[in-house]
Every structure is written in C-alpha cells, then in structure tokens.
There are 2 protein chains.
Amino acid sequence: MNTTSSIAHLLKAQGLRDTQPRRMVMQALIHIQSPASPYDIQKWITAQENTINTVTVYRVLEVFESLGLVHRHPSSGLYFPCSIPEIKGHHGFLHCTKCHLVEEFHNPELCVIENAIAKKAGFKAKNHLSEIVGVCKGCVL
Amino acid sequence: MNTTSSIAHLLKAQGLRDTQPRRMVMQALIHIQSPASPYDIQKWITAQENTINTVTVYRVLEVFESLGLVHRHPSSGLYFPCSIPEIKGHHGFLHCTKCHLVEEFHNPELCVIENAIAKKAGFKAKNHLSEIVGVCKGCVL
DNA sequence: TTGCAATTGTAATACTATTGCATTAATATA
DNA sequence: TATATTAATGCAATAGTATTACAATTGCAA
Ligand SMILES: [Mn+2]
Ligand SMILES: [Mn+2]
Ligand SMILES: [Zn+2]
Ligand SMILES: [Zn+2]
C-alpha cells in the first residue's frame with residue numbers, strides 16, 4: 001500500500017536511510033496521481049513550501065525504482081508509484097493516452113508466452129516489458 | 001528489405017520526397033547495425049565525408065518512424081531499422097544487453113492475450129509494446 | 001551525545017530536443 | 001531542358017533533461 005511507515009521499513013531493511021527527501025518524493029508521486037518527471041516532482045514539493053534539489057529527486061527515484069516502489073514509464077520516461085509491489089515479477093502497464101492514467105497488471109500467461117518467444121530466438125530472457133496503449137474506461141465517451 | 005529504391009517508392013507513394021539526407025540516414029541505420037541516437041547517426045554520416053544537420057536527422061527519423069521503416073527503442077530512445085516492415089501490426093523486440101542487438105518478432109498469440117488484458121480492464125487498446133530484455137544466442141558464453 | 005558514513009546540496013557541464021525563419025533542392029510541368 | 005513551386009533542409013538560438021565531482025549536512029548506531 002506504500003504507507004510512509006512501510007516505506008521506512010523497506011528502506012531500513014535494505015540498509016538505506018529513511019530521509020525527508022525520500023519521504024517528500026514518495027508523497028509527491030502519490031498525490032500527483034499521473035506519471036511525473038523529476039522536475040514535475042520537484043515542482044510539486046516546492047508548491048508544498050518545501051525544497052529539494054533536482055539531483056536529489058533523480059537519485060531518490062533511482063533508489064525507489066531499484067526497490068520496485070516506482071516504475072519509469074518506458075516511452076515517456078515519467079515515474080509513478082507501483083500499485084502492486086507485493087506481486088513480484090513482471091508488471092505490465094495499461095496506459096491511457098487521454099488522462100495519462102497508468103494501471104498495472106500482472107499476467108503470468110503473458111510471461112509464459114514471452115519466455116517461449118525468447119527461447120525460440122535463442123535468447124536468455126532476464127526481464128520483459130509490456131505496455132498497452134489505449135483509452136481507459138473513464139475516457140471512452 | 002529496405003533497399004534504397006523501395007524506400008524511394010514508399011516515400012513517393014506518400015507524397016514525400018526522396019532526398020539525399022533521407023537516403024543518408026537510412027544508410028547509416030543499416031550500417032551501424034545496433035540502435036543509434038540521432039547524434040550517432042550524424043557522426044556516422046560525417047565519417048563518410050558527408051554532412052547533415054542534427055535537426056534534419058531528428059526530422060528524418062520522425063518521418064521514417066511514422067512510415068514504419070524504423071523503430072524507436074522505448075527505454076533507450078535509440079533508433080533502428082524495422083526488419084519486418086512487410087508484417088503489419090504489432091512488432092515486439094528482443095534486446096540483448098551485451099551486444100545491443102535488437103531482434104524483432106511478430107507474435108499473434110501475444111496480441112490476443114494483450115487485447116484480452118485490455119478488455120478485462122475496460123481499456124480500448126490502440127497499440128501495444130513488448131520488449132524482452134536478455135542475452136542473445138551469440139552472447140551467452 | 002557524539003562520530004561517521006550515507007545522503008543531500010551546489011555548481012558546473014554535457015547531452016538531448018525543439019523552434020522560427022532563411023535557404024536549398026526535389027519534382028512537376030511547360 | 002528550363003523554370004516554378006514548395007517540401008525539405010540548414011542555421012542559430014534556446015529550452016529541457018541528465019550527470020558529475022566535491023562540499024555540506026543529516027540519519028542513526030554506538
Ligand atoms: Mn509494479
Ligand atoms: Mn518492425
Ligand atoms: Zn483515461
Ligand atoms: Zn548479444
């Protein structure tokens with residue numbers, strides 16, 4: 001659920017510190033709702049009467065991504081919090097081009113097929129990435 | 001097969017001109033072999049005793065991508081020629097992290113599943129994107 | 001508390017991408 | 001083949017994105 005305290009625990013479990021900048025970036029991501037750039041995130045934090053350096057935002061996002069707490073949307077480079085961090089393995093994205101919503105999914109069947117494709121081509125698959133681009137329920141008028 | 005003349009025809013069929021910069025960019029993409037940035041492409045062309053403006057490279061790539069002649073690798077932003085332009089529809093990528101080779105695939109079964117996922121989530125899918133990241137046949141020692 | 005290493009801030013810089021406008025060159029037509 | 005048209009390119013300026021090295025700060029364990 002990405003509560004402030006669960007993130008604190010997750011960080012400490014990895015030997016990382018629970019710092020104010022890290023808390024602020026996570027707050028920003030949660031409140032902004034749609035995928036955001038490092039600069040967007042900094043802007044949001046500034047609007048809350050706080051300050052954070054651009055470089056710090058980049059670095060915090062890097063850490064969060066490595067922990068699986070946030071994702072970087074491949075084609076846009078924008079970040080958003082993972083909504084299903086409890087499910088390990090491949091997370092796919094449904095991306096609405098109208099409202100920029102990103103919904104995550106986890107589909108084992110898809111993984112099976114992708115592994116089969118890799119095998120057939122002689123690839124040793126380490127990771128994969130799926131994005132479905134379209135229009136979400138709420139935006140189809 | 002992306003021969004020089006087939007591209008000329010494809011361009012003309014769209015009311016576009018067959019120009020020297022466009023031919024040079026395609027030559028560069030074909031010869032560089034692995035995904036390349038606009039600046040990489042410009043550098044290659046310069047090394048062939050030719051010149052091309054950076055902006056032109058960007059614009060040419062945009063046209064080529066819209067024609068389905070090249071792809072932009074989503075996570076890196078690098079460009080490479082489409083190897084199966086004759087197959088319409090979704091092209092997926094196998095990406096080797098060692099030699100940076102990109103192999104394309106077309107898998108209807110994958111499309112079916114992705115459409116099902118979209119439907120289940122109430123999305124109207126317009127397009128999708130699949131990338132399998134790993135190590136290619138030649139790079140697995 | 002205090003000390004120390006991890007983290008953040010600062011400043012400089014490199015890289016990537018876009019825009020408006022002047023110039024050039026590809027093609028259609030005479 | 002010469003000429004007119006305008007798409008395409010070049011140029012120059014600028015904006016946006018990302019990274020680096022090093023100094024200052026801060027979280028947290030002792
Ligand atoms: Mn996720
Ligand atoms: Mn293709
Ligand atoms: Zn939507
Ligand atoms: Zn390889």
Side-chain angles (χ1 to χ4, degrees), chain A residues 4-5 7-29 32 35-46 48-67 69-80, chain B residues 4-5 7-29 32 35-46 48-67 69-80:
Chain A
T4 304
S5 70
I7 292 169
H9 288 137
L10 207 155
L11 287 168
K12 289 184 182 167
Q14 305 295 319
L16 300 171
R17 293 181 179 174
D18 176 30
T19 68
Q20 179 142 33
R22 284 175 181 160
R23 286 191 295 269
M24 293 194 298
V25 168
M26 185 51 78
Q27 283 307 307
L29 284 166
I32 292 174
S37 73
Y39 286 87
D40 291 335
I41 290 165
Q42 184 183 39
K43 201 178 296 173
W44 188 91
I45 290 170
T46 301
Q48 315 301 308
E49 319 277 287
N50 284 305
T51 61
I52 191 172
N53 190 276
T54 312
V55 188
T56 304
V57 179
Y58 276 91
R59 293 191 279 222
V60 168
L61 290 169
E62 202 176 352
V63 169
F64 283 175
E65 201 189 13
S66 75
L67 295 178
L69 288 175
V70 310
H71 293 289
R72 186 187 159 117
H73 184 245
S75 28
S76 68
L78 303 180
Y79 292 85
F80 58 95
Chain B
T4 305
S5 71
I7 292 170
H9 288 137
L10 206 155
L11 287 168
K12 288 185 182 165
Q14 306 293 321
L16 299 170
R17 292 179 181 176
D18 176 29
T19 67
Q20 179 141 33
R22 284 174 180 160
R23 285 190 296 269
M24 292 194 297
V25 168
M26 185 51 78
Q27 283 308 305
L29 284 166
I32 291 175
S37 73
Y39 285 88
D40 291 335
I41 291 165
Q42 184 183 39
K43 200 177 299 174
W44 188 91
I45 290 170
T46 300
Q48 313 301 307
E49 319 278 286
N50 283 306
T51 62
I52 191 170
N53 190 276
T54 311
V55 188
T56 303
V57 179
Y58 276 90
R59 294 191 279 223
V60 168
L61 290 170
E62 203 177 351
V63 169
F64 282 175
E65 202 188 12
S66 75
L67 296 177
L69 288 174
V70 310
H71 293 289
R72 186 187 158 119
H73 183 246
S75 29
S76 68
L78 303 180
Y79 293 86
F80 58 95

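Every chain is numbered from 1 and lettered A, B, ... according to where its sequence line falls, protein lines coming before strand lines.
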| field | Residue pair A:F64, A:R22: steps toward the side chain to side chain contact (heavy atoms under 4.5 Å, CB included) verdict | value | CA-CA 9 Å; A:F64 283 175; A:R22 284 175 181 160; 4.0 Å; yes
| D:dA8 P sits how many Å from B:L67 CG, rounded? | 11 Å
| query | Any side-chain heavy atom of B:M26 within less than 4.5 Å of one from B:V70? | reply | yes
| request: Go through the structure and list residues passing side-chain hydrogen bond (donor to acceptor under 3.5 Å, both in side chains) with A:D18, not counting sequence neighbours. | output: A:R23
| message | In this structure, how many angstroms lie between the P atom of D:dA18 and the CG atom of A:D40, rounded? | response | 11 Å
| field | Note, B:L29 side chain near B:L61 side chain (heavy atom, < 4.5 Å) | value | yes
| query | So do B:S37 and B:D40 actually touch side chain to side chain, heavy atoms under 4.5 Å? | reply | yes
| said: Taking the axis from the first five pairs and the axis from the last five, what angle separates them in the helix from C:dT1-D:dA30 to C:dA30-D:dT1, rounded to 10 degrees? | reply: 30°
| task | Before giving the answer on side chain to side chain contact (heavy atoms under 4.5 Å, CB included), spell out for B:L11 and B:L67 the whole-Å C-alpha distance, their side-chain angles and the decisive distance to 0.1 Å. | result | CA-CA 8 Å; B:L11 287 168; B:L67 296 177; 3.8 Å; yes
| said: Which is more 5' along DNA chain C, the nucleotide nearest B:K12 or the one nearest A:I52? Just name the residue. | reply: A:I52
| Which nucleotide, C:dA26, D:dT9, C:dT27, lies nearest any side-chain atom of B:D18? | C:dT27
| Please give, in whole Å, the distance from D:dA7 C1' to B:E62 CD? | 15 Å
| With sequence neighbours left out, what residues match A:R17 under salt bridge (charged side-chain N to carboxylate O under 4.0 Å, His left out)? | none
| task | Give the minimum heavy-atom separation between B:I52 and B:I45, together with the two atoms involved. | result | CG2-CD1, 3.8 Å
| said: Distance check needed: D:dT25 C1' versus A:R22 CZ, whole Å only. | reply: 14 Å
| field | Residues which pass ring-ring contact (aromatic ring centres under 6.0 Å, His included) with B:H73, listed by chain and number, not counting sequence neighbours | value | B:H95
| side-chain N/O B:T19 vs D:dA8 OP1/OP2, d < 4.0 Å | no
| remark: To the nearest 0.5 Å, atom CD1 of A:I32 lies from atom NZ of A:K43 at 9.5 Å
| message | What is the separation between atom CG on A:L78 and atom P on D:dG16, rounded to the nearest whole Å? | response | 15 Å
| said: Using whole Å, what does the distance between atom P of nucleotide D:dT26 and atom CD of A:Q20 come to? | reply: 9 Å
| Separation of C:dT24 P from B:N53 CG (nearest whole Å) | 14 Å
| For every nucleotide of nucleotides 12-23 of chain C, 5' to 3': is a protein heavy atom under 4.0 Å from its base (B), only from its sugar-phosphate (S), or from neither (-)? | ----BBBB----
| note | From CG of A:L61 across to P of D:dT17 the rounded distance in Å is 14 Å
| Between B:H71 and B:F80, what is the ring plane arrangement, given parallel below 30°, perpendicular above 60°, and tilted in between? | tilted
Restricting to nitrogen or oxygen on both sides, can you table the protein-nucleotides 3-5 of chain C pairs closer than 3.5 Å?
unit_1	atom_1	unit_2	atom_2	d
C:dA5	N3	A:R17	NH2	3.3

